[in-house]
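Shown next, in structure tokens, is the structure this report addresses.
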Protein chains: 2
Amino acid sequence: MRPSKRDELVREARRIFYRDGFHATGMDQLAAETGISKTTMFKHFRSKEELILAALRLRDQDFRTWLFRRMEQAGPPKAQLLAMFDALAEWFAEADFRSCMFIKASSEYPDPEHPIHALSAEHKRLLFRHLHDLATKAGAPDPAGLARTLLLLKEGAIITAHLGHEADPAGDAKTAAATVLSAAFRQTAPSVDVATAV
Amino acid sequence: MRPSKRDELVREARRIFYRDGFHATGMDQLAAETGISKTTMFKHFRSKEELILAALRLRDQDFRTWLFRRMEQAGPPKAQLLAMFDALAEWFAEADFRSCMFIKASSEYPDPEHPIHALSAEHKRLLFRHLHDLATKAGAPDPAGLARTLLLLKEGAIITAHLGHEADPAGDAKTAAATVLSAAFRQTAPSVDVATAV
DNA sequence: CTCAATGTGAACAGATCGGTACATATTGGA
DNA sequence: TCCAATATGTACCGATCTGTTCACATTGAG
């Protein structure tokens, strides 16, 4: 029962921080909404920052597990890379979608040295690593470059889904990803002169 | 002299909010760092929120003016679209670059109905409109789709430049943009079956 | 049952939040 | 020069911030 209470706190904190923001959410409000007293919170976590870090670690784990499983269902590596954007479409369609928790966290803690910012950067790095692995397995000539580009499209889709006027940013991103993917396999040279490509 | 003081306040507020965040920056801190008293601030702006809105409006104006001029220097519409990513590279290289102020603002004010969020969305809409105009002038078969995709790459590059491990997200985005751009003009049908494109 | 260890919550502490009251400094027109 | 209007700063307001104190409830072992 002891650890479940702590887990419940982290899960609820993740939800509320994600919904309302980090600075905007006070510990009193957290206590009121979760029904867990402040004393209990500060017994489990020395500070608000540590609770935020725990909430972000949970989000990192859950999100990557969810995303990677969705991608795996698509089968071969190349299809998995494209399937990421179908998963994004599902995510964006959720009623309580409010952008990416790590983008929000790094916005509120802009100092790169800050633990919260660093953890957010690590989350993105882990996503990159997965895409890089898949691109390598798919036999891409420049797997790192392809992974970076797909990640670019993913982040852009998230921002646009949250802030934009578009109907289907995940679909747009998928279309662009398909173009980029097919171009990446068409030519073996990884570095392209941009000027001549147009 | 009266309006200059107000302008100075807005300019400084823009800089400090951008650097430290909106909720994390108090009016007292703002007064201390700018040398302008709180009374003066609240004479010019009824609330902190109105000051934030003024700072964002200034940022919107300055950023679009700066970006569009940089793009114009590239010449014809198609080159202008690509030149956006060269401008981004310049921006990312600035010592005090800390992501996009409107992404940060919408992160801290996640409610879409909130004036700050709405203004941020409007900024992105104005960027889209400019890209759409250029894509139309360039004779793209699906100018709206092309504009959406290029904007996707732009936002992704911003996030990655702020949070990522990459050396040159603007360069990556430009390479991808060149691929997408050339593909957009190669085929006249705007809707592509993604599955067969791979 | 007893007792120690631990989980819990109401009330509080000092600092800071956004915002204001009011007295003073400054300024422009006649 | 004088006055009226405005710009400004100090001190303060209640509310809220993160974090703590301390008394009490709960629980498990012997």
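Note on naming: letters A, B, ... go to the chains in the order of the sequence lines (proteins, then strands), and numbering restarts at 1 for each one.
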Rounded to whole Å, please give me the gap between [atom1] in [X] and [atom2] in [N].
X        : N      : atom1 : atom2 : answer
A:Lys43  : C:dA5  : NZ    : P     : 15 Å
B:Arg6   : D:dA7  : CZ    : P     : 11 Å
B:Met27  : D:dA15 : CE    : C1'   : 17 Å
B:Phe45  : D:dA7  : CZ    : P     : 13 Å
A:Lys38  : D:dC22 : NZ    : P     : 16 Å
A:Glu108 : D:dC17 : CD    : P     : 14 Å
A:His23  : C:dG18 : NE2   : P     : 12 Å
B:Met41  : D:dG9  : CE    : C1'   : 12 Å

> Of the non-hydrogen atoms in B:Asp60 and B:Phe102, which two are nearest, and what is the gap between them?
Replying inline: N-CZ, 3.5 Å

> Nearest heavy-atom pair of A:Tyr18 and A:Asp96: which atoms, and what distance?
Replying inline: CE2-O, 3.4 Å

>> Suppose we call a contact any N or O donor and acceptor under 3.5 Å apart; does that hold for the side chain of A:Thr40 and the base of C:dG7?
In response: no

> Would you say the base of C:dA21 and the side-chain of B:Thr39 have a donor-acceptor pair closer than 3.5 Å?
Replying inline: yes

> Do A:Thr65 and A:Arg69 have side-chain atoms, one donor and one acceptor, less than 3.5 Å apart?
Replying inline: no

>> Heavy-atom nearest nucleotide on DNA chain D for B:Ile36 versus A:Asp28: which residue maps closer to 5'?
In response: B:Ile36

> Can you name the residues that form a side chain to side chain contact (heavy atoms under 4.5 Å, CB included) with B:Pro115, not counting sequence neighbours?
Replying inline: B:Glu49, B:Leu53

> Which of these passes side-chain contact (heavy atoms from CB on, under 4.5 Å) with B:Arg46: B:Lys48, B:Glu50, B:Lys43?
Replying inline: B:Glu50

> Where along residues 9-18 of chain B does a heavy atom come under 4.0 Å from DNA chain C, residue by residue in number order?
Replying inline: none

>> If you apply the rule salt bridge (charged side-chain N to carboxylate O under 4.0 Å, His left out), what do you find for B:Arg11 with B:Glu8, and how did you get there?
In response: CA-CA 5 Å; B:Arg11 232 180 305 118; B:Glu8 182 195 339; over 6 Å; no

>> As a quick check of understanding, evaluate salt bridge (charged side-chain N to carboxylate O under 4.0 Å, His left out) for A:Lys137 and A:Asp133, giving each step before the final call.
In response: CA-CA 6 Å; A:Lys137 282 177 189 156; A:Asp133 282 353; 5.6 Å; no

> Taking only N and O in the side chain of B:Lys48, is any of them less than 4.0 Å away from OP1 or OP2 of C:dG18?
Replying inline: yes

